[in-house]
Amino acid sequence: MGIRGTTLSHHVATRRSARLDSSDLSLILERIEHVAKRISGALAHSSLGDDLGYTGETNVQGEQTKKLDRWTNEVFLDAFAHHHPVCSLVSEEMEEALHLNPECRAPSYAILFDPLDGSSNTDVNGSLGTIFSIRKRTGVHSSEVADILQPGTEQVAAGYILYGPGTQLVYTAGAGVDIFTLDHRRGAFMLWREGIKMPPRGAAYAVNQGNFVKFHPNARKFIEHLTSRKDKTTSYALRYTGAFAADFHRCLLEGGLYLYPGEATPAGQTKGKLRLLYELAPMAMIAEQAGGKASNGKGRIMEVLPGSLHDRQPIYIGSAAEVELAEQMKVEG
Ligand code: AHM
Ligand code: MG
């Protein structure tokens, strides 16, 4: 039986992208496709070898590093090692930006990524993800990162790969959101859905409810409201996988909300968990491109100015109705 359809590479090459040259986008997405295939293949077999568990080290975030966190980061570094036009890599797993290709000329790009999202799921055969953000570097290539430390509105493209029962790649280059499924028989990502629109309201919410007592009182009231079962708009199902990419994917396709509220610190402030530059900003760009919203509880995530590469923020992302309600209820004070 013949296999028909549009490959990711054909789709990118024949479609106008809103924010960057389509030949640059093709080059970058070809490398990300390569990364996605390598990681997808390795995850499928990770329980057969010695790939699970911890390395015994901690990363820049102070979190214990899993072997697959380190390996997936290396897959990214390998993929972009000699690759014009990408000159800089910023990763959840690296304290500093890595600057490649000293001869890199404008236009050059930075890729900011979380190579393995949801890494608590590695040892239980759960869903995992890879999240990426693409930014244009300004001027000549340099090791300064001031041009990278800019709000999410400066992203030229963003996306994620979800490793579930199947592997899917979702991306936007500022002209809508498209989803591709990895066809292992063909060794290519094939177009599945084009111009995705997130439903304006959903029936599920995703949160680590075990942290409930640590949230701001208004965030607790918001969650209580969502689950008070007075009517249809207060009767949500809880769906939480422990992988942002998987929980966001449900919101993208079926509507609803993913939230990771700030947790109260002993100093009386609240602190987000998820990282702004390579987790929240790219997902926010996708949400907005699909007609959804992304907020830190006080305002648009896309407009938050990062202070450093690994800044964290609270997040409320998904259908417009739920994100707007969270802001109205002043979930972060
Ligand atoms: P990671 O990139 O280290 O895996 O952290 C991000 C993950 C998200 O995928 C997920 O939604 C969240 O952290 C889970 O955190 P928790 O275990 O606190 O619920
Ligand atoms: Mg992550």
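Order of listing sets the numbers, starting from 1, for every ligand and every atom in it. Hydrogens, waters and symmetry mates play no part in the numbers below; they use all other heavy atoms, side chains included. The model shown is predicted, which means the values in this text are computed figures rather than measured ones.
At a heavy-atom cutoff of 4.0 Å, ligand 1 is contacted by the side chain of D114 but not by its backbone. Looking at L274 against ligand 1, only its side chain comes within 4.0 Å, counting heavy atoms. Residue contacts with ligand 1, taken as heavy atom pairs separated by less than 4.0 Å, do not involve E263 at all.
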Q: Report the C-alpha distance between D78 and R38 in whole Å, list the side-chain angles of each, state the deciding distance to 0.1 Å, and finish with yes or no for salt bridge (charged side-chain N to carboxylate O under 4.0 Å, His left out).
A: CA-CA 11 Å; D78 283 353; R38 275 193 78 188; 3.6 Å; yes

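Between D123 and K66 there is a side-chain heavy-atom pair separated by less than 4.5 Å. In this structure the side chain of P115 reaches within 4.5 angstrom of the side chain of S91, judged on heavy atoms.
To the nearest 0.5 Å, atoms OH (Y260) and CD1 (I315) are separated by 13.0 Å.
For the residue pair E57/T65, the side-chain donor-acceptor check at 3.5 Å is not satisfied.
The E92 neighbourhood of ligand 1 comprises atoms 1 (P), 2 (O), 3 (O), with distances under 4.0 Å to a heavy atom of that residue. Close approach of ligand 1 to F244 is summarised as follows: ligand atoms under 4.0 Å from at least one heavy atom of the residue are 8 (C), 9 (O), 10 (C), 11 (O). Of all the atoms in ligand 1, the ones that sit under 4.0 Å from a non-hydrogen atom of R275 are 1 (P), 2 (O), 3 (O), 5 (O), 6 (C). For ligand 1, the atoms sitting less than 4.0 Å from at least one non-hydrogen atom of N208 are 16 (P), 18 (O), 19 (O), numbered in the order shown with element in parentheses. Within the listing of ligand 1, atoms 2 (O), 6 (C) sit less than 4.0 angstrom from a heavy atom of E279. For ligand 1 and Y258, the ligand atoms under 4.0 Å from any heavy atom of the residue are 10 (C), 11 (O). Short contacts between ligand 1 and S119, defined as distances under 4.0 Å to a heavy atom of the residue, involve ligand atoms 3 (O), 4 (O). The Y240 neighbourhood of ligand 1 comprises atoms 11 (O), 12 (C), 14 (C), 15 (O), 16 (P), 19 (O), with distances under 4.0 Å to a heavy atom of that residue.
Remark: the backbone N or O of I131 is not paired with any side-chain donor or acceptor of D114 at under 3.5 angstrom. Between the E322 side chain and the G202 main chain, a donor and an acceptor come within less than 3.5 Å of each other. Looking at D117, its side chain does come within 3.5 Å of a backbone N or O of F244 through a donor-acceptor pair.
With a 6.0 Å radius and a threshold of 12 heavy atoms from other residues, nucleotides or ligands, K271 has its NZ atom at or below the threshold.
Considering backbone and side-chain atoms together, G118 places an N or O closer than 3.5 Å to an N or O of ligand 1.
Ligand 1 is approached by G242 to a heavy-atom distance shorter than 4.0 Å.
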